[in-house]
Amino acid sequence: MTKRKELNDKIVEWITNKVKQEYADDISLVLLYGSYINGTANSKSDVDCYYIPKTERGYNLGVGFIIDGVGYDLFPISWERVTRIADLQECLLPLVGDVQVVYCGDSSDLEHFKDIQSKLHSNLANGEYVKSIARKRCLEAYKMCEQMKLGCNLSEVRKMAGHVIMTLADAVAIYNHDYFHFGLKKQYENLKNNFPDIPQSIVTGYKKVVTSLNENDLKNSTIDLLMSVCDYMHITIESQVDIIPNKDTKAEHVNASWLAGLYEEISSTFNKIYVCCEDDNYILAFLSAVCLQRELDDAKEAGSPSYDLLSHYDYRQLSKLAEKARMIETDFVEFIISNGGIIKSYENYEQFIQANL
């Protein structure tokens with residue numbers, strides 16, 4: 001852990017120096033969030049870091065790379081999107097509410113961000129507003145449930161069910177004027193302990209989805225959870241929605257460069273799965289696998305092979321999930337390299353610095 005912490009400290013220092021030396025006029029703020037600053041890091045944890053560009057040139061700072069088997073992703077978020085998050089329009093509230101500023105272009109940028117943070121807290125305190133946002137989340141979950149019913153295999157159904165429970169948990173937190181400050185890492189724990197007034201059926205329903213082992217149980221338990229949350233919030237979903245079945249189209253060409261960048265980003269999700277399986281944390285293993293499956297499915301549009309991770313999830317035997325994830329990761333890397341993709345991967349910090357002088 002100490003070795004990883006030392007490396008992550010160096011990465012933060014490198015990012016800060018790079019901005020000061022090369023992008024001082026192009027970046028408003030650089031912000032840290034996640035395990036690096038909230039005390040939940042493990043031996044495979046990266047540094048969660050984003051920045052707010054001031055100019056178009058500032059977007060060029062974005063970069064992904066891997067050091068000692070851990071992926072790092074420095075990415076831009078516009079002022080407009082930060083404001084949208086503060087308006088509760090996205091499930092990324094910790095990126096505004098729970099951050100540490102490590103670079104500030106000028107004092108007005110920091111004041112602007114503090115105003116947006118105040119807007120986040122004001123929105124959460126507004127009873128009518130949180131109810132409207134919670135209802136919107138429930139409608140999103142309903143649409144995903146309808147899509148889930150069309151799932152043709154266990155992996156597809158499990159992926160949709162996973163996104164439904166994450167969305168519904170977010171709805172419950174917002175309805176209670178709050179959000180999950182530790183993200184998915186402690187979502188179930190916080191859902192269970194932070195909102196004592198919610199019906200027990202919501203907590204048990206969430207867990208039942210995670211532990212369901214076949215398609216029918218997944219569908220039934222997910223729909224039951226949706227109904228429990230809607231009943232709790234006194235929400236009636238009146239209108240039906242048109243659902244278009246997913247078409248599994250194969251890309252004509254392989255975009256190996258894009259896939260290499262994707263792997264640099266999602267290698268940290270592979271690591272989360274490995275750590276969760278070692279620690280027997282089946283809930284976070286499930287959520288991480290759901291997120292990874294979505295990325296792998298999206299990668300098919302860039303010519304990636306089709307991978308099935310989620311049908312190998314069994315909360316009673318997480319070693320099966322870890323083994324399949326390692327097989328997929330190995331094959332994915334080999335596919336990218338064989339098609340000419342270049343993954344920016346370094347054995348240590350010194351090698352990374354030498355390559356980026």
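Here the structure is a predicted model, which means the values were calculated and not measured.
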Is a donor on one side and an acceptor on the other found under 3.5 Å between the side chain of [X] and the backbone of [Y]?
{"X": "Arg158", "Y": "Ser212", "value": "yes"}
{"X": "Arg4", "Y": "Ser43", "value": "yes"}
{"X": "Asp197", "Y": "Asn176", "value": "no"}
{"X": "Asn214", "Y": "Asn216", "value": "yes"}
{"X": "Arg135", "Y": "Thr236", "value": "yes"}
{"X": "Asn193", "Y": "Glu189", "value": "yes"}

For [X] and [Y], test the side chains for any donor-to-acceptor distance below 3.5 angstrom and give the result as yes or no.
{"X": "Asp98", "Y": "Tyr179", "result": "yes"}
{"X": "Gln293", "Y": "Tyr313", "result": "no"}
{"X": "Ser155", "Y": "Asn153", "result": "no"}
{"X": "Asp9", "Y": "Tyr36", "result": "yes"}
{"X": "Tyr72", "Y": "Asn8", "result": "yes"}

#### Entry: Which residues share a ring-ring contact (aromatic ring centres under 6.0 Å, His included) with Phe270, sequence neighbours left out
none
More than 12 heavy atoms of other groups within 6.0 Å of [X] [atom1]:
{"X": "Lys207", "atom1": "NZ", "value": "no"}
{"X": "Glu347", "atom1": "CD", "value": "no"}
{"X": "Lys320", "atom1": "NZ", "value": "yes"}
{"X": "Glu13", "atom1": "CD", "value": "no"}

Any chain of hydrophobic side-chain contacts (each under 4.5 Å) joining [X] to [Y]?
{"X": "Leu287", "Y": "Leu154", "value": "yes"}
{"X": "Phe75", "Y": "Ile266", "value": "no"}
{"X": "Ile328", "Y": "Ile337", "value": "yes"}
{"X": "Tyr129", "Y": "Met233", "value": "no"}
{"X": "Ile342", "Y": "Phe65", "value": "no"}

Rounded to the nearest 0.5 Å, what separates atom [atom1] in [X] from atom [atom2] in [Y]?
{"X": "Asn348", "Y": "Ile67", "atom1": "CG", "atom2": "CD1", "answer": "8.0 Å"}
{"X": "Tyr206", "Y": "Met166", "atom1": "OH", "atom2": "CE", "answer": "7.0 Å"}
{"X": "Leu74", "Y": "Asp48", "atom1": "CG", "atom2": "CG", "answer": "11.5 Å"}
{"X": "Leu321", "Y": "Lys324", "atom1": "CG", "atom2": "NZ", "answer": "11.0 Å"}
{"X": "Lys119", "Y": "Thr83", "atom1": "NZ", "atom2": "OG1", "answer": "6.0 Å"}
{"X": "Asp224", "Y": "Ile202", "atom1": "CG", "atom2": "CD1", "answer": "12.5 Å"}

I'd like to check [X] versus [Y] (side-chain heavy atoms, cut-off strictly below 4.5 Å). Are they in contact?
{"X": "Lys10", "Y": "Glu350", "answer": "yes"}
{"X": "Cys276", "Y": "Leu318", "answer": "no"}
{"X": "Leu191", "Y": "Ile198", "answer": "yes"}
{"X": "Glu140", "Y": "His163", "answer": "no"}
{"X": "Tyr188", "Y": "Ile165", "answer": "no"}
{"X": "Leu225", "Y": "Ser221", "answer": "no"}
{"X": "Phe332", "Y": "Leu262", "answer": "yes"}
{"X": "Leu120", "Y": "Leu93", "answer": "yes"}

Using every non-hydrogen atom in the two residues, find where [X] and [Y] come nearest and quote the distance to one decimal.
{"X": "Thr40", "Y": "Lys185", "value": "O-NZ, 3.0 Å"}
{"X": "Ala141", "Y": "Leu168", "value": "CB-CD2, 3.5 Å"}
{"X": "Ser304", "Y": "Phe335", "value": "CA-CE2, 3.9 Å"}
{"X": "Gly58", "Y": "Ile27", "value": "O-CD1, 3.7 Å"}
{"X": "Lys344", "Y": "Glu264", "value": "N-OE2, 2.8 Å"}
{"X": "Ala41", "Y": "Ser45", "value": "CA-OG, 3.3 Å"}

### Message
Quick one, Tyr349 with Asp68, criterion side chain to side chain donor-acceptor pair (under 3.5 Å). Give me CA distance, side-chain angles, the key distance, then yes/no.
### Response
CA-CA 8 Å; Tyr349 180 75; Asp68 189 24; over 6 Å; no
Could you tell me whether [X] and [Y] have a side-chain N and a carboxylate O separated by less than 4.0 Å?
{"X": "Lys149", "Y": "Glu146", "value": "yes"}
{"X": "Arg294", "Y": "Asp298", "value": "no"}
{"X": "Lys54", "Y": "Asp25", "value": "no"}
{"X": "Lys159", "Y": "Glu156", "value": "yes"}

### Message
Using the side-chain contact (heavy atoms from CB on, under 4.5 Å) definition, which of the options Leu292, Val290, Leu284 pairs with Ser288?
### Response
Leu284
### Message
Which residue is it: Val82, Leu31, Leu29? I am looking for the one with a side-chain contact (heavy atoms from CB on, under 4.5 Å) to Ile77.
### Response
Val82
### Task
Could you check Tyr175 against Tyr232 for ring pair (Phe, Tyr, Trp, His ring centres under 6.0 Å), going step by step and ending with a plain yes or no?
CA-CA 10 Å; Tyr175 187 79; Tyr232 165 61; 5.3 Å; yes
#### Entry: Evaluation steps, side-chain contact (heavy atoms from CB on, under 4.5 Å), between Trp79 and Ile116
CA-CA 9 Å; Trp79 280 112; Ile116 293 175; 3.7 Å; yes
### Task
Apply side-chain contact (heavy atoms from CB on, under 4.5 Å) to the pair Thr211 and Tyr282, showing each step before the final yes or no.
CA-CA 9 Å; Thr211 56; Tyr282 65 87; 3.8 Å; yes
### Query
Between Ser35 and Asn42, does a side-chain contact (heavy atoms from CB on, under 4.5 Å) hold up when you go through it step by step?
CA-CA 8 Å; Ser35 63; Asn42 58 55; over 6 Å; no
### Task
Please work out whether the ring planes of Phe352 and Trp14 are parallel, tilted or perpendicular, with thresholds of 30° and 60°.
perpendicular
### Message
If you take the centroid of each ring, where Trp contributes its six-membered ring, are Tyr315 and Phe286 closer together than 6.0 Å?
### Response
no
### Query
Given the rule in the side-chain contact (heavy atoms from CB on, under 4.5 Å) test, do Leu218 and Val209 qualify, once you have shown the distances and angles that lead to the verdict?
CA-CA 6 Å; Leu218 270 167; Val209 173; 4.1 Å; yes
